[in-house]
Structure formats: structure tokens, C-alpha cells
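So that the names make sense, note that chain A is the first sequence line, chain B the second, and so on, each numbered from 1.
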Amino acid sequence: MCLAVPGKVIALDGAISKVDFGSGVIREVNMSMLEIEIGDYVIVHAGFAIQKVDEKEAKETLKLFEELMEKT
Amino acid sequence: MADFQNRDMAKRVLDKIKESGVEAKFMHVCGTHQDTLVRNGLDAMLESTGIRILQGPGCPVCVTTPNEIEESIKLADSGIVVTVFGDMLTVPGAERSLAHAKGDGADVRIVYSIMDALRMAKDDPNKEFMFMGIGFETTTPATSLALLSQPPDNFSILSCHRTVPKALRALVNMGEVKLHGLIEPGHVSAIIGEEPYQFLSTEYNIPQVIAGFEPLDLLMSIFMLTQQIKEGRAEVENEYFRVVKPEGNPKAIEAMAKTLVESDVKWRGFPVLPGTGLEISDKFEAFNSRKKYEDLLSPIWDMDFPEPAGCKCGEILRGIMEPQDCPLFGKACKPGSPVGPCMVSFEGGCSIAYKYGKRGN
Ligand code: SF4
Ligand code: SF4
């Protein structure tokens, strides 16, 4: 029920923004829970962005996985 | 974006889990995690390791009680426009579902967001609108923000929201399953952060990892749990830190605190779990369906509805049975004709098991 999907913010108008989910799917999303800028990636659930996706941290995660695999 | 579906990496993690030699039962409490596990065949891959994954009460649709469904049907039958998420439509109440009420002429509308429901109410001031507020902490902040947005007088909310960490305490206290680790839901955690889970590690000595939803996220989280066990640690680790901040989402937490208060609610398959419900606070009671329509709803509150005959959803939600163990699974009970809620919701354990071809034993 509460599937949440990542998308990229492409337009901002007050609390309402447009988010691109890929494959041509663009939807209006409420941003009042976050401070965001155009170009940010966000996780969207039931019409609201609930958190940002940090791209740097995403790459960091994969690096960490590598390290864990090497170490153990 | 970064690649979290890398198969080579997945295989390496799986080998490491096997090598660790740890034998343990881990529980997740998230329908989306179950979907990732089964859709990608991870559950089958894990069979070659010592790890068993149980599913807990992870889908807010499945744990909604017949009483709550009956409340919404009562309002629909009384001429109030009922707005709900699509998953709720066919969940059985005592006898009928909201879909039946709709078939009988009630105005029941599917919405994607509470904002759609608000818009409908504003556009049609001569009708009364109720929004059925379903969901865990992922969904609840939207309800709170709607309450804070000065809704119109003809709008109210039937809050069926529930919270995860205290429900886990109840589950552990019941003692039916011996858990060696918990895989915590990433999107609930995106809102509440890491701290609310802490007591499960300190008081109950349970290792925990907050996990994302890609196959690699889950495998890595399982690996991290095995490491905690090997090293004798029990703490809250966060594998999904690209989304989950230690403090969660402060704006969302603040909105919830301003509008909602803890309540004691029953979960399907469980008794009343203290403090795991969220009711609309007195300040916003004009928008609380249970206050606004108390005369209509109060007779339902003390009624006792039995689970559908033969349905094992309760056992499945408590992690002590698998869908395939239910005698009705895939026979009398299928997605087109669900007997229990676990077959209705897309995130229900029975529906997922059926969709990916796990036919009855
Ligand atoms: S509500 Fe959140 S935690 Fe629960 S099943 Fe859905 S995605 Fe998972
Ligand atoms: S298969 Fe159907 S009847 Fe059996 S537990 Fe699942 S939902 Fe209930």
C-alpha cells in the first residue's frame, strides 16, 4: 500500500512540484515535508515527497558494500 | 542513479551470508520487502543459507480490523462520500466490503492521495466527505499536513493509522516466534529515524538493520545482521542511509505531533496493542469522523467480528505460518475472490505468494 518510488524534481511552485519518475511519467507532488531544489531526487509516497535521496550517499553505499565484502 | 541490482554483487553477498555459518530467523515488517524478496527469488536463494526470513504485520491494509471497515461502510451507506486508497476497496468487513457498498449505490471513491480527497470536498460543498486514513508512519504525515491545511467543513478523516516500533514490542512480548534479528522498513524509518527502534536492541538484545527496497539492499541488510550476531552485537544499523537520516524527517514528525495522539488499537491477528494507534487530537476534532458521526459509529465500536472462517491471516501476520500452509490458499481463496485481507492487498503475504506462483501445499 505504501509503496514509495524515487523521482527527480523538475519544477517547483510553492509546496507543489513536478516530479519525473522516468518513462515519461510526470506527476504533481507535495513538498511541504522537505526543503528541496530543482534537480533533487526524492522518494514519493501517496502524493507527498517523504525524503530526499542523497546521490552521493547512494554511491557511498555501494562503496561500503565493496569494503564489507573485502573485509570479511 | 547508482546500481542496486548488480547480480555479481548479489551473488557475492549471498556467498558471504552462507560462509558466515550463522543460523537465524530474521523478521521484516514490510509488504514492499516481501515483494522484493519473492519477486527476485531471494527467498529461494536464501534457502541454501542458514537464514530464514519471516514476514510480520507489514501491511497496513492487512492489519486493519473488520470494525474499521464496518465504520467506513456505515458512513458510505449513510450517504457520506467515502474516499479510500484502492487497496481498501475489497477488504472484507463483517460481511460486505466497501466495493459491495459501492455496488449497492454508495458513493465510494478511490484516491491516490489525501490531497485528491480534499480537492473533491472543496469542489462539492453540498456533500460530506470522509477520507479513510490508512497506513504506518510513511503515510501518516500526509494526513497531518491535510489537517493543518485548514480543510473545509464538509471534510473529515477516519484515522486508522498505526505505528510500527511499539507493535514490534508487542510482537516480541507475545513470544510466539524467537527472532534473531529485525529488518526494519526503510520508508517508515525515513520519517521516524533510527531512535524509535533502539529499545528493541537495548532491552531485548535484538540486532536490527534499517533496509532499502532493492535486492542488494535486502541481501546486504541480512548480511549485516549475520555480522552483528557473529560479533555478539545488538544495535540499530542503517543500510539505507542514502534516504534514512538518523533523525528522520523533522517536519513530518512535527506535523504528526501537532495533530495526532496515541491510542490503543486492535490489529488484525493481534489483541489490542497499547499506544500503537493514532487518533486525531481534540484540537482538530471537527475533522475527526468518529466525533462528527459519533451517533452512527459508536454502536460499531464494541462489536466483535470473527475472522473469516478458515482464514489464517492472523497467524501469517504474527509470523508463525506461511501462506502456503493455509488450507484455503489458492483454492477457495485467490486474488479474484479473497477470503482474508492478506489476499486482498497487493502487499499482503498471500497475494504476493500467489502472484509469484507459490501454489498451495
Ligand atoms: S506501509 Fe511502508 S513499511 Fe508497511 S508495507 Fe508499506 S512500504 Fe512497507
Ligand atoms: S490464503 Fe486467504 S484465507 Fe488463507 S490466510 Fe491467506 S487470505 Fe486468509
Sort [X] into side chain, backbone, both or neither according to what part of it lies under 4.5 angstrom from a heavy atom of chain B.
X	result
F65(A)	both
V44(A)	side chain
L34(A)	both

Task: Steps toward side chain to side chain contact (heavy atoms under 4.5 Å, CB included) verdict (K251(B), E35(A)) - done: CA-CA 10 Å; K251(B) 280 194 181 183; E35(A) 311 276 345; 3.1 Å; yes

Task: Leading residue by heavy atom contact count with chain A [cutoff under 4.5 Å; candidates E239(B), R12(B), M115(B)] - done: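 The candidate making the most pairs under 4.5 Å is R12(B).
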
Open item on the list: Please determine whether side chain to side chain contact (heavy atoms under 4.5 Å, CB included) holds for the pair Q51(A) and H187(B), giving the CA-CA distance in whole Å, both sets of side-chain angles, and the decisive distance to 0.1 Å.
Closed with: CA-CA 9 Å; Q51(A) 197 47 281; H187(B) 292 145; over 6 Å; no

- [ ] Pick whichever of G47(A), A46(A), S32(A) has the most heavy-atom pairs under 4.5 Å with chain B.
- [x]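 Most heavy-atom pairs under 4.5 Å with chain B: A46(A).
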
Task: Pairs of heavy atoms under 4.5 Å with chain B: top-ranked of K56(A), E66(A), K8(A), E60(A) - done: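 Top count of heavy-atom pairs under 4.5 Å with chain B: E66(A).
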
Task: Separation of F4(B) CZ from T61(A) OG1 (nearest 0.5 Å) - done: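 One finds 4.5 Å between OG1 of T61(A) and CZ of F4(B).
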
TODO: Test the R242(B)-Y41(A) pair against the cation-pi criterion, namely NZ or CZ under 6.0 angstrom from the six-membered ring centroid and within 45° of the ring axis.
DONE: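 Geometry flag: not set, cation outside 6.0 Å or 45°.
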
TODO: Using the side chain to side chain contact (heavy atoms under 4.5 Å, CB included) rule, pick out the option among I191(B), V188(B), V243(B) that qualifies with I50(A).
DONE: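 Considering I191(B), V188(B), V243(B), a side chain to side chain contact (heavy atoms under 4.5 Å, CB included) with I50(A) is found only for I191(B).
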
Open item on the list: Under 4.5 Å from any heavy atom of chain A, what part of V13(B) do you find: side chain, backbone, both or neither?
Closed with: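 For V13(B), backbone and side chain are both near chain A.
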
Task: Test log, rule side chain to side chain contact (heavy atoms under 4.5 Å, CB included), inputs M220(B) and L68(A) - done: CA-CA 9 Å; M220(B) 192 49 88; L68(A) 274 174; 4.1 Å; yes

